[in-house]
Trainee: 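Got a structure here, written out as structure tokens. Questions coming.
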Amino acid sequence: MKNVVLLGATGSIGKSCLNVIRQNKEHFHLFGIGFGSNLDRAQEIAKEFNPDHIFVDQYQTDKSHIFWQDHSNTLSSEDELRGLIQDSSVDIVISAISGFAGLKASYFAIEAGKVILIANKESIVAAGDILMPLAKKKNSEIIPIDSEHNAIYQCLPLEKNLKEISKILITASGGPFREKPLRDLRRVSLNDAMNHPTWSMGAKITIDSATLINKCLELIEAHYLFNIPESQIEIVVHPQSIIHSMITFIDGSTIAQMSNPSMEVPISNALGMGKRLPINFTEIDFTELNLSFEPVAHDRKMIFDMAREVCNKKGNLGVIFNASNEIAVDAFINKNIDFVDIYEAIQRTFDCFTCSKINTIDEIFEYDKEARIQAEMVIKSLH
Ligand code: NAD
Ligand code: MG
């Protein structure tokens, strides 16, 4: 029996994780859950799974909710979060909080040398320079949940000999605006952007998928997780989301991982830690398949150029790229800017900073704060 701490339990990834755990109850015990909002959902989870510990980022929640009558001893401070994650009985930490807010949990898990299943790509993008060397030092195993990275993880040879890799191909659905040129996107609405063709996800990642910035974050994530130069990572648009990513090896073989789009597939692979766990899934009907591939539209190239620069120069650039995106996405969701302004806000914020080396996790938090202030100023200047 493995003790699991699931952070981001009330979210979309959290739900998929609980579905996999429910189907494999004999292998996993929910030792702790953490979330920031949605007390109704937290109440349901607590009732069904009876976790030993509950962490709530309380400042966001409604104090009069009935949840508090049943769960008066929840954890809420940063020290309590650290204590929960680093408890010696914890075997697996799932980092599935959305956005930069998930970094602390990822850091605490890696600091304690835990097995960490990482959905929170923003942690890796913002703090890869700190987290990856720390994981090596503390012997913390990082297993990706993001479908593309889990696909790459599954395609990797057992001995993980990176020298055998010629290229990693990350697939992208292309999002709801795949067929639209950038110049036609000025007036798209929040609803249009939220209408993802193949995946149902939380709000932030859905907007990131519409801008393709999710794919930029994934490029940086793959670069850090697999220690592969960006020049060996290609993005291929594959609208059906059946092939989740591929590796081409130096002998000309390409290995792809396929499934119908469901996050339960990469999650069960990650939770299995080398063993295949049984889950309910919809089989691919190969006789009905019609797979297609195309390059990323040229007019979105500027954002990938920035992501590739982050990979090449590293340091503070990842945290700045990520923070400016989070501020711009929030502004779009709150209807303060147009869809295409997201690109403008990121580019202009990014251009305000020079690249510098990062030495401590605290510096990441400082740059995050600075970049957010800068991005807010840029957004004000856009109107
Ligand atoms: P979501 O918005 O559905 O859920 C986010 C979860 O994080 C919720 O449980 C929320 O309460 C919690 N949370 C937010 N702020 C918090 C805070 N300050 N403290 C504690 N908990 C907090 O998001 P999601 O779609 O599940 O995505 C989660 C992460 O997984 C993101 O980093 C996303 O990029 C990544 N991811 C998601 C998918 C997907 O299919 N949804 C796929 C790949 C990667
Ligand atoms: Mg993904």
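Side chains included, hydrogens not; waters and symmetry mates left out as well; all remaining heavy atoms used. Note that ligands are numbered from 1 as they come in the structure, with each ligand's atoms numbered from 1 the same way.
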Trainee: Counting only nitrogen or oxygen atoms and a 3.5 angstrom limit, does G11 reach ligand 1?
Mentor: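 Checking ligand 1 against G11, an N or O pair does fall under 3.5 Å apart.
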Trainee: Quick one: sort the F35 and F67 rings into parallel, tilted or perpendicular, breaks at 30° and 60°.
Mentor: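 Ring orientation, 0 to 90° scale: perpendicular.
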Trainee: Number the atoms of ligand 1 from 1 as they appear, then name those within less than 4.0 Å of a heavy atom of A101, with their elements.
Mentor: 18 (N)
Trainee: Just wondering, do I346 and I342 contact through their side chains at under 4.5 Å, heavy atoms?
Mentor: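 Result yes, sub-4.5 Å side-chain heavy-atom pair found.
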Trainee: Any Lys/Arg nitrogen of D338 or R186 sitting under 4.0 Å from an Asp/Glu carboxylate oxygen of the other?
Mentor: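 Looking at R186 together with D338, the answer is yes, because their closest N to O distance falls below 4.0 Å.
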Trainee: Does I205 reach ligand 1 with a nitrogen or oxygen that is under 3.5 Å from one of the ligand's nitrogen or oxygen atoms?
Mentor: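 No: no nitrogen or oxygen of I205 is under 3.5 Å from one in ligand 1.
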Trainee: Nearest heavy atom to atom 38 (C) of ligand 1: which of I33, I267, I13, I45 does it belong to?
Mentor: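 Shortest heavy-atom distance from atom 38 (C) of ligand 1: I13.
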Trainee: Go through ligand 1 atom by atom and flag the ones less than 4.0 Å from a non-hydrogen atom of T10.
Mentor: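 This gives 8 (C), 9 (O), 10 (C), 11 (O) as the contact atoms.
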Trainee: Would you indicate which of S98, S12, P266, S37 comes nearest to atom 3 (O) of ligand 1 when only heavy atoms are counted?
Mentor: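 When every heavy atom of S98, S12, P266, S37 is considered, S12 comes closest to atom 3 (O) of ligand 1.
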Trainee: Only heavy atoms count here, so choose which of I124, I94, D146 is nearest to atom 44 (C) of ligand 1.
Mentor: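 The option holding the nearest heavy atom is D146.
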Trainee: Can you measure from OG (S245) to CG (L169) and round to the nearest 0.5 angstrom?
Mentor: 8.0 Å
Trainee: Consider every N or O of E122 and every N or O of ligand 1, then say whether any pair is closer than 3.5 Å.
Mentor: yes
Trainee: Does any N or O of ligand 1 fall below 3.5 Å from an N or O anywhere on M201, backbone included?
Mentor: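 By distance alone, the answer is no.
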Trainee: In E148, what N, O or S atom is nearest to the Mg ion (ligand 2), if we give its atom name?
Mentor: OE1
Trainee: Counting each atom of ligand 1 from 1 as listed, which ones have a heavy atom of A9 under 4.0 Å away?
Mentor: 9 (O)
Trainee: With rounding to 10 degrees, what does the angle D146:OD1 / the Mg ion (ligand 2) / E218:OE2 come to?
Mentor: 100°
Trainee: Kindly identify the option in A119, S123, S147 whose heavy atom sits closest to atom 30 (O) of ligand 1.
Mentor: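 Shortest heavy-atom distance from atom 30 (O) of ligand 1: A119.
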Trainee: Can you sort out which atoms of ligand 1 are near G8, meaning under 4.0 Å from one of its heavy atoms?
Mentor: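 Heavy-atom distances to G8 below 4.0 Å select 6 (C), 7 (O), 9 (O).
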